[in-house]
Undergrad: 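Encoded as structure tokens, here's the structure I'll be asking about.
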Amino acid sequence: MTATRPADRPLVGRFVSLTPYSDADIPELERALRRPEVFAGGYGGGPAGLPADADAFTAFASDYYDGGPAAMPFTVRLEGGPDHGTVVGATKLGDLDLGSESAHIGWTAYDPRVWGTAVNPEAKLLLLGLAFDHGFGRVKLQADARNDRSRAAILKLGAQFEGIARRHKPRADGSWRDSAVYAVIVDDWPSVRAGLEARLAAWGEEPVRLGA
């Protein structure tokens, strides 16, 4: 076994920083994420999981982004530009299994205003780098099998499709979700890293802006 649990510390890139999640982040996360379009694809159990109000979102986030020895939740903030420091999402490096050198990047959602920008590729670059730099050999990513947008984004990262886990977990509406499972293994990492770095280079030097 070579995997070790990383230290809880911020990960800082050119476009985003990932700071260890704190319940103090919940009001900003609520503003960014409590939107029907965020939950529509399967986040938080799907559309029926959308919290009705700020108090319901607090209860949801406190549970969904719980940490512990096997989980490292992060709040995603913009770096640089007029929106520097603004919370635009959350994610987690979870299911840390040191013995099998495996982990899972998931529980991820972003403010729709940063969809299609440098935010997700850089967040994944930072998290994958954290995992592989600490001896992990396999990082899983998954999405509701119905969520074509998330599945396309995972493939664009360079992860390999491994199959469908049928009747994998319940949705918030009580139906059962099939999950599309992908992974990046340590052998893939050099090419995946190069691809992500090329995407970020193509974005240029301008910071991500939220706009109106």
Undergrad: Is any NZ, NE, NH1 or NH2 atom of the basic residue among Lys92 and Asp95 found under 4.0 Å from an Asp or Glu carboxylate oxygen of the other?
TA: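 The answer is no: the pair does not qualify as a salt bridge.
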
Undergrad: Can you name the nearest heavy-atom pair linking Arg14 to Gly204, along with the distance?
TA: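 Shortest heavy-atom contact: NH1-O, 3.1 Å.
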
Undergrad: Any salt bridge linking Glu122 with Arg199? Criterion: basic side-chain nitrogen under 4.0 Å from a carboxylate oxygen.
TA: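 Between Arg199 and Glu122 there is no salt bridge, as every charged N stays at least 4.0 Å from the carboxylate O atoms.
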
Undergrad: Under 6.0 Å between ring centres: does that hold for Tyr43 and Tyr110?
TA: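 Tyr43 vs Tyr110: aromatic centres not under 6.0 Å.
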
Undergrad: Working to the nearest 0.5 angstrom, can you tell me the gap between Leu196 CG and Ser191 OG?
TA: 9.5 Å

Undergrad: Are the side chains of His104 and Leu93 in contact, using a 4.5 Å heavy-atom criterion?
TA: no

Undergrad: Taking the side chain as every heavy atom from C-beta outward, state whether Arg77 and Glu28 have any atom pair closer than 4.5 Å.
TA: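 Yes - at least one pair of side-chain heavy atoms lies under 4.5 Å apart.
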
Undergrad: Quick one: does Ser175's side chain get under 4.5 Å of Pro170's, heavy atoms only?
TA: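 They are not in contact (no side-chain heavy atoms under 4.5 Å apart), so the answer is no.
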
Undergrad: State plainly whether the residues Asp111 and Arg35 are in salt-bridge range, i.e. N to O under 4.0 Å.
TA: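 Between Arg35 and Asp111 there is a salt bridge, with a charged N closer than 4.0 Å to a carboxylate O.
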
Undergrad: Could you state the interatomic distance from CD (Glu30) to CG (Asp25), rounded to the nearest 0.5 Å?
TA: 13.0 Å

Undergrad: So do the side chains of Phe136 and Leu96 get within less than 4.5 Å of each other, counting heavy atoms only?
TA: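 Yes, at least one pair of side-chain atoms sits under 4.5 Å.
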
Undergrad: Closer than 3.5 angstrom, by distance alone: can the side chain of Asp178 be matched with the main-chain N or O of Arg167 as a donor-acceptor pair?
TA: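 Yes: the side chain of Asp178 pairs with the backbone of Arg167.
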
Undergrad: Is any side-chain N of the basic residue among Asp144 and Arg171 closer than 4.0 Å to the acidic one's carboxylate O?
TA: yes

Undergrad: To the nearest 0.5 Å, tell me how far Leu29 CG sits from Ser22 OG.
TA: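 These two atoms lie 10.0 Å from each other.
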
Undergrad: Evaluate the side-chain hydrogen bond (donor to acceptor under 3.5 Å, both in side chains) criterion for residues Asp83 and Thr86: first the C-alpha distance (whole Å), next the side-chain angles of each, then the deciding distance (0.1 Å), finally the verdict.
TA: CA-CA 6 Å; Asp83 300 305; Thr86 301; 4.6 Å; no

Undergrad: Supply the atom-to-atom distance Thr91 OG1 to Met72 CE, rounded to the nearest 0.5 angstrom.
TA: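 The OG1 atom of Thr91 sits 11.5 Å away from the CE atom of Met72.
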
Undergrad: Can you find a heavy atom in the side chain of Thr58 that is under 4.5 Å from one in the side chain of Asp23?
TA: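 The answer is no; the side chains never approach within 4.5 Å.
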
Undergrad: Any chain of hydrophobic side-chain contacts (each under 4.5 Å) joining Leu78 to Val12?
TA: no

Undergrad: With heavy-atom distances below 4.5 Å as the criterion, would you say the side chains of Leu157 and Val184 are in contact?
TA: no

Undergrad: Linking I/L/V/M/F/W/Y whenever any side-chain heavy atoms sit under 4.5 Å apart, do Leu128 and Val181 land together?
TA: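 Each belongs to a different hydrophobic cluster.
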
Undergrad: Give a yes or no on whether the backbone of Ala59 and the side-chain of Ser62 come within a donor-acceptor separation of less than 3.5 Å.
TA: no

Undergrad: Closest heavy-atom contact between Ala180 and Phe161?
TA: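 Minimum heavy-atom separation between Ala180 and Phe161: CB-CE1, 4.2 Å.
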
Undergrad: Does the ring center of Tyr21 lie less than 6.0 Å from the ring center of Phe74?
TA: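 Here the rings of Phe74 and Tyr21 have centres that are no less than 6.0 Å from each other.
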
Undergrad: Rounded to the nearest 0.5 Å, what separation is found between the CZ atom of Arg151 and the CG atom of Leu141?
TA: 13.0 Å

Undergrad: Side chains of Lys124 and Thr108: does their closest heavy-atom pair fall under 4.5 Å?
TA: yes

Undergrad: Below 4.5 Å, heavy atoms only, C-beta onward: do Pro82 and Arg209 meet side chain to side chain?
TA: yes

Undergrad: Between Trp203 (side chain only) and Glu206 (backbone N and O only), is there a donor and an acceptor less than 3.5 Å apart?
TA: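 Yes, because the side chain of Trp203 sits within donor-acceptor range (under 3.5 Å) of the backbone of Glu206.
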
Undergrad: Would you kindly confirm whether Val192 and Val186 end up in one hydrophobic cluster when ILVMFWY residues are joined by side chain heavy atoms under 4.5 Å apart?
TA: yes

Undergrad: Return the minimal non-hydrogen interatomic distance between Pro207 and Gly81, and the atom names on each side.
TA: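 It is CG-CA, 3.6 Å.
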
Undergrad: Salt bridge check: are Glu37 and Arg149 linked by an N-O gap of less than 4.0 Å?
TA: no

Undergrad: Quick check: closest heavy atoms across Gly44 and Tyr64, and the distance to 0.1 Å?
TA: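 Minimum heavy-atom separation between Gly44 and Tyr64: N-OH, 3.5 Å.
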
Undergrad: What pair of heavy atoms forms the shortest contact from Asp66 to Ala71, and how long is it?
TA: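 In this case the closest contact between Asp66 and Ala71 is O-CB, 3.9 Å.
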
Undergrad: So, do Phe60 and Phe39 have ring centers that fall under 6.0 Å from each other?
TA: yes

Undergrad: Any donor-acceptor pair under 3.5 Å linking the side chain of Arg34 with the backbone of Ala52?
TA: yes

Undergrad: Using modelled atom types and a 3.5 Å cut-off, is there a donor and acceptor pairing between side-chain atoms of Asp133 and backbone atoms of Leu130?
TA: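 Not confirmed, Asp133 side chain does not pair with Leu130 backbone.
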
Undergrad: Would you say the side-chain atoms of Thr117 pair up with the backbone N or O of Val208, donor to acceptor, closer than 3.5 Å?
TA: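 Between the backbone of Val208 and the side chain of Thr117 there is no qualifying donor-acceptor contact (under 3.5 Å).
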
Undergrad: Please check if Leu11 and Phe15 belong to a single hydrophobic cluster, counting links between Ile, Leu, Val, Met, Phe, Trp and Tyr side chain heavy atoms closer than 4.5 Å.
TA: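 Same cluster: Leu11 reaches Phe15 through Ile, Leu, Val, Met, Phe, Trp or Tyr contacts under 4.5 Å.
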
